[in-house]
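Below is one structure, written out as structure tokens, with a few remarks after it.
Just so we're clear, the structure is a prediction, and the values are computed from it rather than from any experiment. Sequential numbering from 1 along the given sequence is applied to the chain's residues. When a ligand or atom number is given, it counts from 1 through the structure's own listing order.
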Amino acid sequence: MTAAFQTRLTRLLGIQHPIVLPGMTYVAVPRLVGAVSAAGGLGILASGALSPDECRRDIEQIRAITDRPFGVGFSLALPGAIDCVDVALQARVPVLNISMGKGDWVIERAHAYGGKVIATVSNEKHARSAIDSGVDGLIVTGHEAAAHGGHVTSMVLIPAVRDMCDLPIIAAGGVADGRGLLAALALGADAVAMGTRFATSLESPLHANTKQLVIDKPAEDTIYSRNFDTYPCRVMKTPGGKRYTARPLSPPVALKRSLQAAWEMDQPMLGLARDAMSHGTVQAVRTAYFGAATLAMRKAMHDGNHEDGVQLIGQSQGLVHDVASVAEIVARVMAQAQSVLRDLNTCASSGA
Ligand SMILES: Cc1cc2nc3c(=O)[nH]c(=O)nc-3n(C[C@H](O)[C@H](O)[C@H](O)COP(=O)(O)O)c2cc1C
């Protein structure tokens, strides 16, 4: 049996291991989410590209795989997010993971049935605002992370946020093995979220070409740029990634690609536009950039096309050397963390 680490997060959620699958659009799908929760971690479904009906269906699919706790993630500023939150609250999902917006109402409704709310933040200012709003925990995303990591590395950001609160903290960014888990616990975290590592698992829907690229690429082969979707974002250094981030997209091109993505995904344009505008003009423009980005993301993730597609990936790709099952990854991470801890204890007790 795999040895356990009990932390504020494992106790809060009643999970076996301090390991989380973070929300990843098109990747954190029911099969992968269910596998991580069934292995004793916490899987979080990405709802960004789902309609409310699809969200309901995916929650049922996860519950058919495992009766262990799982979560659903929401970017509150994206069109349609509010309706998906409503579906998750009605389904009494154990954990709601919110980002990009104020979630007081989510917290109130989740707490009414014993649900927990975890906010994703990438700097101290947003951590302060999430703590003050009454969340139950934080995912703190450092600079190393795939997608929207902050400007500060996990090495500094995790202890800085730990000094601000006693809430469970999940460290995201740069962790792909047991050494990373133990380091994160030492920095004050209560768990780790591994995006890049689980995206390269057997149960991940990432295209086989893309998984192979993750294995082949060194840690430094990523690009951190605002030019992908207007927020600083880390993507894999590929021909498509280099071209897309070389210069900012013009708003008309972003709008055209966003509409094309909505059309290809069979999304109701009028509803999307109305929803996007309800958050103000700046957010509506950002939504157009997000929409445009989804086209490029799907080419890389689903088709393995890295000439035109763009792959979100973290620096921890340099630590991924194989495609393994979720159960194997969790077992390895826990065993390595235990082994490193034993070495450190020996080191400390021998005074070496
Ligand atoms: C393939 C992939 C897709 C991702 N998609 C999203 C996304 O849609 N939205 C988001 O906020 N973060 C996304 N992330 C970032 C993760 O939620 C998480 O913050 C990050 O992966 C942690 O860093 P790591 O990759 O070093 O483990 C994605 C990450 C990966 C690897």
Testing the basics here: between Met194 and Val175, what is the closest heavy-atom pair and its distance to 0.1 Å? CG-O, 3.4 Å
Thr25, portion touching ligand 1 at heavy-atom distance under 4.0 Å: both
Validation row, ring centre His302 to ring centre Tyr26 under 6.0 Å: yes
Which of the numbered atoms in ligand 1 are under 4.0 angstrom from any heavy atom belonging to Met194? 27 (O)
I'd like to know whether CD of Glu328 has more than 12 heavy-atom contacts from other residues, nucleotides or ligands below 6.0 angstrom. yes
Should Ala46 be listed as contacting ligand 1, given a heavy-atom distance under 4.0 Å as the test? no
Over all heavy atoms of both residues, which pair between Ile59 and Ala91 is shortest? Give the atoms and the distance, please. CG2-CB, 4.2 Å
Could you check whether any side-chain N or O of Gln336 sits under 3.5 Å from a backbone N or O of Gly178, counting only pairs where one atom can act as donor and the other as acceptor? yes
Side-chain ion pair, Lys242 and Asp308, N-O less than 4.0 Å: no
Quick test: of every protein heavy atom, which one is nearest to atom 19 (O) of ligand 1, and how far off is it to 0.1 Å? Thr141 CG2, 3.8 Å
Enumerated ligand 1 atoms positioned under 4.0 Å from heavy atoms of Gly173: 22 (C), 23 (O), 26 (O)
Counting only nitrogen or oxygen atoms and a 3.5 angstrom limit, does Gln315 reach ligand 1? no
Quick check on Gly23 - does any of its heavy atoms sit under 4.0 Å from an atom of ligand 1? yes
Would you mind checking which non-hydrogen protein atom is closest to atom 26 (O) of ligand 1, with the distance to 0.1 Å? Gly174 N, 2.9 Å
Can you tell me which residue and heavy atom of the protein come closest to atom 11 (O) of ligand 1, and the distance to 0.1 Å? His148 ND1, 3.9 Å
protein heavy-atom neighbour closest to atom 16 (C) of ligand 1 works out as Pro22 CG, 3.9 Å
When the side chains of residues 149-159 are checked against the rest of the protein, which donor-acceptor pairs come out under 3.5 Å, sequence neighbours left out?
unit_1	atom_1	unit_2	atom_2	d
Ser154	OG	Glu144	OE1	3.0
Ser154	OG	Gly173	O	3.1

If you look at every heavy atom in Leu21 and Met24, which pair is closest and at what distance? CD1-CE, 3.5 Å
Would you tell me whether His111 and Asp136 have side-chain atoms, one donor and one acceptor, within less than 3.5 Å of each other? yes
Which bit of Ser316 gets closer than 4.0 Å to ligand 1, counting heavy atoms only: side chain, backbone, both or neither? side chain
With a 4.0 Å cut-off on heavy atoms, is Gln311 touching ligand 1? yes
I'd like to know if Arg109 and Asp104 make a salt bridge, using a cut-off of under 4.0 Å between side-chain N and carboxylate O. no
I'd like the name of whichever of Ala146, Gly195, Ser75 reaches closest to atom 15 (C) of ligand 1 through any heavy atom. Ala146
Among all protein heavy atoms, pick the one closest to atom 3 (C) of ligand 1 and tell me residue, atom and distance. Met24 CB, 3.5 Å
Of the choices Pro205, Ser204, Ala147, Ser122, which has the non-hydrogen atom that lies closest to atom 12 (N) of ligand 1? Ala147
Just need the protein heavy atom nearest to atom 25 (O) of ligand 1, so name the residue and atom and give the distance. Thr196 OG1, 2.6 Å
